[in-house]
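This report concerns only the one structure given below.
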2 protein chains.
Amino acid sequence: MATDRRRAILEGAARVIARRGVRGLRMEELAAEAGVSTALIYYHFKDRAGILRHTLEFISDRADRYTSDVEDAAGPSDAREELEQSLLLEFQDVPEVRENSTAWGELRASAIFEPELRGDLARATLAWIHDVADLLSCVRPTTPAPALTASAERLTGLLEGLSTRWLSGALPLTHARELVREAISVEIETLSD
Amino acid sequence: MATDRRRAILEGAARVIARRGVRGLRMEELAAEAGVSTALIYYHFKDRAGILRHTLEFISDRADRYTSDVEDAAGPSDAREELEQSLLLEFQDVPEVRENSTAWGELRASAIFEPELRGDLARATLAWIHDVADLLSCVRPTTPAPALTASAERLTGLLEGLSTRWLSGALPLTHARELVREAISVEIETLSD
DNA sequence: TGTCGCAGACTGAAAATTCAGTCAATAGTG
DNA sequence: CACTATTGACTGAATTTTCAGTCTGCGACA
């Protein structure tokens with residue numbers, strides 16, 4: 001398959017971004033990481049901004065995949081459990097997860113200064129909020145949709161905030177997980193009104 | 001006064017950082033923004049890292065100032081109100097606030113890749129969490145301290161997450177403010193158990 | 001008259017991007 | 001089947017751009 005090297009570049013980009021940040025991504029380092037020439041990067045992705053955009057897409061696809069993996073594996077567990085699992089997925093000390101979270105956070109932060117990234121980012125965020133709202137509706141089926149969405153926005157927003165704290169070493173993993181679990185309780189309890 | 005231009009450089013730096021990020025700060029752009037030559041920047045602040053350090057200091061002094069301004073001005077309003085005010089401070093479309101939030105977010109994001117920054121950041125975060133926990137204890141005086149701290153950690157974490165979304169154009173200001181107000185309600189209600 | 005505050009042109013290094021082609025595979029053709 | 005035309009993937013070696021930091025000197029004024 002000819003998409004081999006292309007994919008290698010995207011995987012390499014995720015790794016380099018997780019290691020150095022978006023701003024620290026050097027084409028030469030990326031080329032070395034992916035085991036290709038710098039020119040090939042330009043062949044596949046017009047320019048630096050191009051790789052950034054495609055890497056963002058790549059990362060959010062990958063995250064979707066491992067999210068749904070767990071969903072399937074969970075089997076007949078209850079909805080509340082599934083929600084918790086899904087949100088806690090982000091807080092694991094596994095290279096792939098850490099890499100994804102770091103890169104996601106970086107891309108999100110870069111979007112503040114690079115409007116071209118905003119479109120993809122907004123789409124991915126919206127989809128995520130929607131997924132979480134769906135899970136919430138399984139837990140509290142009678143809640144009106146707007147309330148579910150607001151809850152999902154708060155939960156995902158919190159996740160992003162805590163994730164950055166975790167990655168910057170300000171928040172131990174177990175504590176982050178605990179805060180997320182409590183936040184879920186808090187949200188679910190108020191949804192029952 | 002000879003500190004005129006020096007100050008102009010710091011103010012310009014705050015503006016440029018808000019526009020381009022810490023990582024996007026270019027000496028030439030800063031010079032233009034402040035209406036001085038690039039050489040003058042080096043004259044007053046040894047090097048790039050020097051301006052960054054001084055600008056961050058400049059910005060956090062400014063933030064302290066306007067935080068306490070509002071606290072004083074509030075007068076004899078109730079504790080709940082004060083908490084809300086204090087947390088919503090971060091979400092205003094005023095250049096100064098935007099500059100501050102941006103710089104804070106940048107700093108937080110950079111800390112992931114630059115461990116030297118972590119110390120100051122951790123201290124500032126802890127102080128913030130503590131302040132919020134104090135405000136919460138005014139609202140719900142009978143709550144045990146650990147529960148207050150956890151609530152404060154969630155609220156401040158959420159704030160950071162939403163702030164990034166706001167700055168990256170993914171979340172309109174009014175909606176952000178609404179989510180924060182709701183989050184406060186949700187947290188306060190569960191503290192009464 | 002020396003030194004402080006300052007500007008504009010400049011430099012060297014690092015990084016992004018392009019160029020000019022090679023190579024391997026595939027398709028058409030007599 | 002032999003051949004050649006074409007194309008997509010790929011590279012090493014430039015070229016161009018970007019940027020932090022420096023050099024030279026000038027005017028004000030103590």
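For the numbers below, each heavy atom of this structure counts, side chains included, while hydrogens, waters and symmetry mates do not. Since the model is a prediction, treat every value here as computed from it, not as a measurement. Every chain is numbered from 1, with letters handed out A, B, ... down the list of sequences.
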Roughly, in whole Å, what's the span from [atom1] in [X] to [atom2] in [N]?
X	N	atom1	atom2	result
A:Leu40	C:dT17	CG	P	15 Å
A:Glu29	C:dA15	CD	P	10 Å
A:Ile41	D:dA9	CD1	P	16 Å

So, is A:His44 near the phosphate of D:dG8, with a side-chain N or O under 4.0 Å from OP1 or OP2? no

For D:dC10, take OP1 and OP2 only and decide whether either is under 4.0 Å from a side-chain N or O of A:Tyr43. no

What about A:Leu117 and A:Leu25, same hydrophobic cluster or not, with Ile/Leu/Val/Met/Phe/Trp/Tyr joined at side-chain heavy-atom distances under 4.5 Å? yes

Only pairs under 3.5 Å count here: list side-chain donor-acceptor contacts from residues 28-39 of chain A, not counting sequence neighbours, and write none if there are none.
{"unit_1": "A:Glu29", "atom_1": "OE1", "unit_2": "A:Arg20", "atom_2": "NE", "d": "3.3"}
{"unit_1": "A:Glu29", "atom_1": "OE2", "unit_2": "A:Arg19", "atom_2": "NH2", "d": "3.2"}
{"unit_1": "A:Glu29", "atom_1": "OE2", "unit_2": "A:Arg20", "atom_2": "NE", "d": "3.0"}
{"unit_1": "A:Glu29", "atom_1": "OE2", "unit_2": "A:Arg20", "atom_2": "NH2", "d": "3.4"}
{"unit_1": "A:Glu33", "atom_1": "OE1", "unit_2": "A:Arg19", "atom_2": "NH1", "d": "3.4"}
{"unit_1": "A:Glu33", "atom_1": "OE1", "unit_2": "A:Arg19", "atom_2": "NH2", "d": "2.8"}
{"unit_1": "A:Glu33", "atom_1": "OE2", "unit_2": "A:Arg15", "atom_2": "NH1", "d": "2.5"}
{"unit_1": "A:Ser37", "atom_1": "OG", "unit_2": "A:Leu40", "atom_2": "N", "d": "3.4"}

Under the ring-ring contact (aromatic ring centres under 6.0 Å, His included) rule, what pairs show up with a residue in residues 15-35 of chain B, not counting sequence neighbours? none

Does any pair with a residue in residues 77-133 of chain A pass ring-ring contact (aromatic ring centres under 6.0 Å, His included), and if so which ones, sequence neighbours excluded? A:Phe91-A:Trp166

Please produce a list of atom pairs where a protein N or O lies less than 3.5 Å from an N or O of nucleotides 19-23 of chain D.
{"unit_1": "D:dC19", "atom_1": "OP1", "unit_2": "B:Arg26", "atom_2": "NE", "d": "2.5"}
{"unit_1": "D:dC19", "atom_1": "OP1", "unit_2": "B:Arg26", "atom_2": "NH2", "d": "3.3"}
{"unit_1": "D:dC19", "atom_1": "O5'", "unit_2": "B:Arg26", "atom_2": "NE", "d": "2.9"}
{"unit_1": "D:dA20", "atom_1": "OP1", "unit_2": "B:Leu25", "atom_2": "O", "d": "3.2"}
{"unit_1": "D:dA20", "atom_1": "OP1", "unit_2": "B:Arg26", "atom_2": "NH1", "d": "3.3"}
{"unit_1": "D:dA20", "atom_1": "OP1", "unit_2": "B:Arg48", "atom_2": "NE", "d": "3.3"}
{"unit_1": "D:dA20", "atom_1": "OP2", "unit_2": "B:Met27", "atom_2": "N", "d": "3.0"}
{"unit_1": "D:dG21", "atom_1": "OP2", "unit_2": "B:Arg48", "atom_2": "N", "d": "2.9"}

How far apart are the closest heavy atoms of A:Glu153 and A:Ile129, and which atoms are they? CG-CD1, 3.7 Å

Just the atom pairs and distances: protein N or O near nucleotides 25-30 of chain D's N or O, under 3.5 Å.
none

Are a donor atom and an acceptor atom from the side chains of B:Arg165 and A:Thr156 found within less than 3.5 Å of each other? yes

Between A:Arg108 and A:Thr125, a side-chain donor and acceptor under 3.5 Å: yes

Which donor-acceptor pairs under 3.5 Å do side chains of residues 51-58 of chain B form with protein atoms, sequence neighbours excluded?
{"unit_1": "B:His54", "atom_1": "ND1", "unit_2": "B:Gly50", "atom_2": "O", "d": "2.9"}
{"unit_1": "B:Thr55", "atom_1": "OG1", "unit_2": "B:Ile51", "atom_2": "O", "d": "2.6"}

Testing C:dG5, D:dC10, C:dG8 for proximity to the side chain of A:Arg5, the answer is D:dC10

